[in-house]
Amino acid sequence: MAGPLSAAVAHLCTRLQPQVSARTAAGFREVLRRLSAPLQVAVAGRIKSGKSTLVNALIGRRVAPTDVGECTRLVTRYQYGTVDRVEVVFKDGRKQVLPFDVGGMIPNDLEVDFDEVSHLEAYLTNAVLRDLTVIDTPGLGSLDAASVKRTEELLGVAGGSARHRAFDGTDEGTEGKEDEKEDDDADLDPTSRNAVAGAEAVLYVVTQGVRADDQQALAAFTAATASREAGPVNAIAALNKADTIAPESVQGSDGDVWKAASLIAEKQAATLKPRVADVIPVIGLLAESAESGGFTSADADALRQLAALDDATWETMLMSADIFVSWECDVPTGTRTRLLEKLDLYGIRCAVDALRADPELTAGALRRRLLDASGLAKVRGRLDAVFRARADGIKAAAALASVTALAHASGDAGERQRVHDAIEVLLAKPEAHQLRLLEALTLVTSGAVNMPDDLAEEVLRVGSNADIGDQLGMKGRPQRELSAFALERAGWWRSFASFGATPAQSRVAHVVHRAYFLIWQQLREQAG
């Protein structure tokens, strides 16, 4: 069900349709369709970064193929359905139901003419997908010309999409930087860029080494999402394969893998800032096996046998994957190979340590221990905090950006003015302030409006958190202090808007002032 902000934007589109050209009205109908759908999150990243494995973990079912094949070169949308099914969607609009393989996964290779395929639609009876559609995109560096053409045709944006202006419908407030940004997504191939054009948010998967072109790719991916700029409003990153980090190579890790991963994630967050809200370490393989039913009671029994080995043998086996599989012991080589494929050495060590500490652990309890060790809970928590909790605002803001872009693309000054006036009326309502705040945050973090570093940090904090304590940077402090601080900052931003700010900064400052004032009002009501 659409939230109040999405409903308000939908009403605006419906009311404007008779007043705009047929082409713009068709664009509005697509905006309306997206507003009524669940929040769409594109999972993006390099080839071999473990994107599909993480998709399986998030969905809670091993359904996305993880080996390189035809299906991994296609966009696949995972959405809620009353009956589990996968549809191959062809370029000419035909659909063909695709049977799952014997393991319940989408088959890696299609028994159809691959060149005629547009994309895949996967419908799953899965509670996670009731309010979240997950879009698995081809890995960067794995794309070919045919994939480019397929994705462009799927999304209907082969000629590129108009970049949005600020909600005020004018070029003011961007400080002349729009033209400079026209080609800022040129570093991303068309397939990857267009694969996420229908999404409102991005989960970008990285591994230990973040490169300069990762920053460029992330910027392009997030800029492609519903024509929105990159920022903490619509993007988080996951540092996958955290168990492959050598802790001795990370200063301050004290030999602990998770501490090392957390330190690297902090550095990556600083590198990718302000493109993402956060970087969260995770072990996708371990999460997938523990969450999607891949870990069985037979696996638990095999781990119990390993836990009974003497320490010298056990430590020797953990030296490498090859030694683990080939070393002589009572557990069959095939069984050890299976464990390695599901858990890798880190997960196997975690399981054996848990069983040695508590030999009475059941298979179910051991699975939960492995799930805890994967870091998936924190990724889901950030997805909830950054995306789900603000899905209504994110979807409404993305929709308004699309509406503005459609009006600009029409070339009709009168139509553009009508859309601008209607948006201004909507944004003038107190309940719509969240949209202004999200837009102000996007303008500042994208560099469209320049702010001093300390003020940009404050806009980022106020705009990218849902909890009042986090918004004020005073989590856990007494309500009286929160209220006084909110009122003081509201006054400061109002003064800044009137004295010393550029016109573009002033518009952002008024939005931040209003945000603090509304926080102060909310705290007063709670106290009352």
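All values derive from a computational prediction rather than experimental measurement.
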Validation row: [X], [Y] side chains within 4.5 angstrom (heavy atoms):
X      : Y      : answer
Arg29  : Gln17  : yes
Leu376 : Leu371 : yes
Arg514 : Arg436 : no
Gln19  : Leu16  : yes
Phe90  : Ser118 : no
Arg418 : Glu415 : yes
Ser483 : Gln526 : no
Leu58  : Val134 : no

Going from [atom1] on [X] to [atom2] on [Y], what distance comes out if it is rounded to the nearest 0.5 angstrom?
X      : Y      : atom1 : atom2 : answer
Asn450 : Thr502 : CG    : OG1   : 8.0 Å
Trp520 : Leu482 : CH2   : CG    : 14.5 Å
Lys378 : Ile280 : NZ    : CD1   : 5.0 Å
Thr133 : Arg77  : OG1   : CZ    : 8.5 Å
Ile468 : Leu523 : CD1   : CG    : 4.5 Å
His513 : Leu518 : NE2   : CG    : 8.5 Å

- Salt bridge Glu116-Arg94, side-chain N to carboxylate O under 4.0 Å: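 No, this pair does not count.
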
Please check if the side chain of [X] supplies one atom and the backbone of [Y] the other of a donor-acceptor pair under 3.5 Å.
X      : Y      : answer
Gln505 : Val449 : no
Lys395 : Leu5   : no
Arg461 : Gln471 : yes
Asp131 : Pro38  : no
Ser292 : Arg61  : no
Asn240 : Ser49  : yes
Asn56  : Ala64  : yes

- Atom CZ of Arg23 with >12 non-hydrogen neighbours under 6.0 angstrom: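 Counting neighbours around CZ of Arg23, 12 or fewer heavy atoms of other residues, nucleotides or ligands fall under 6.0 Å, so no.
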
- Query: Would the number of heavy atoms belonging to other residues, nucleotides or ligands and lying under 6.0 Å from CG of Asp453 be above 12?
  - Reply: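 Atom CG in Asp453 is not packed in, count stays at 12 or less.
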
- Query: Among all residues two or more places apart in sequence or in another chain, which pass the salt bridge (charged side-chain N to carboxylate O under 4.0 Å, His left out) test with Glu457?
  - Reply: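 Result, salt bridge (charged side-chain N to carboxylate O under 4.0 Å, His left out) vs Glu457: Lys273.
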
- Item | Intermediate values then yes/no, side-chain contact (heavy atoms from CB on, under 4.5 Å), Gln79 and Leu129 | CA-CA 5 Å; Gln79 53 204 299; Leu129 298 175; 5.6 Å; no

- Apply side-chain contact (heavy atoms from CB on, under 4.5 Å) to the pair Leu460 and Val444, showing each step before the final yes or no. CA-CA 8 Å; Leu460 180 65; Val444 170; over 6 Å; no

Considering non-hydrogen atoms only, spot the tightest contact between [X] and [Y] and give its length.
X      : Y      : answer
Thr82  : Thr125 : O-CG2, 3.1 Å
Thr76  : Ala122 : CG2-CB, 4.4 Å
Asn126 : Tyr80  : O-CD1, 3.3 Å
Leu438 : Gly463 : CD2-O, 4.0 Å
His433 : Ala515 : NE2-N, 3.3 Å
Ala8   : Leu426 : O-CD1, 3.6 Å

- Among all residues two or more places apart in sequence or in another chain, which pass the ring pair (Phe, Tyr, Trp, His ring centres under 6.0 Å) test with Phe496?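 Ring pair (Phe, Tyr, Trp, His ring centres under 6.0 Å) list for Phe496, sorted by chain: Trp492, Trp493.
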
- Take Glu87 and Tyr123 through the side-chain contact (heavy atoms from CB on, under 4.5 Å) test and state the conclusion after the steps. CA-CA 8 Å; Glu87 293 180 350; Tyr123 298 89; 4.0 Å; yes

- Message: Could you go through Glu121 and Lys95, starting from their C-alpha distance and side-chain angles, then the distance that decides it, and tell me whether this counts as side-chain contact (heavy atoms from CB on, under 4.5 Å)?
- Response: CA-CA 10 Å; Glu121 299 276 359; Lys95 294 182 180 181; 5.8 Å; no

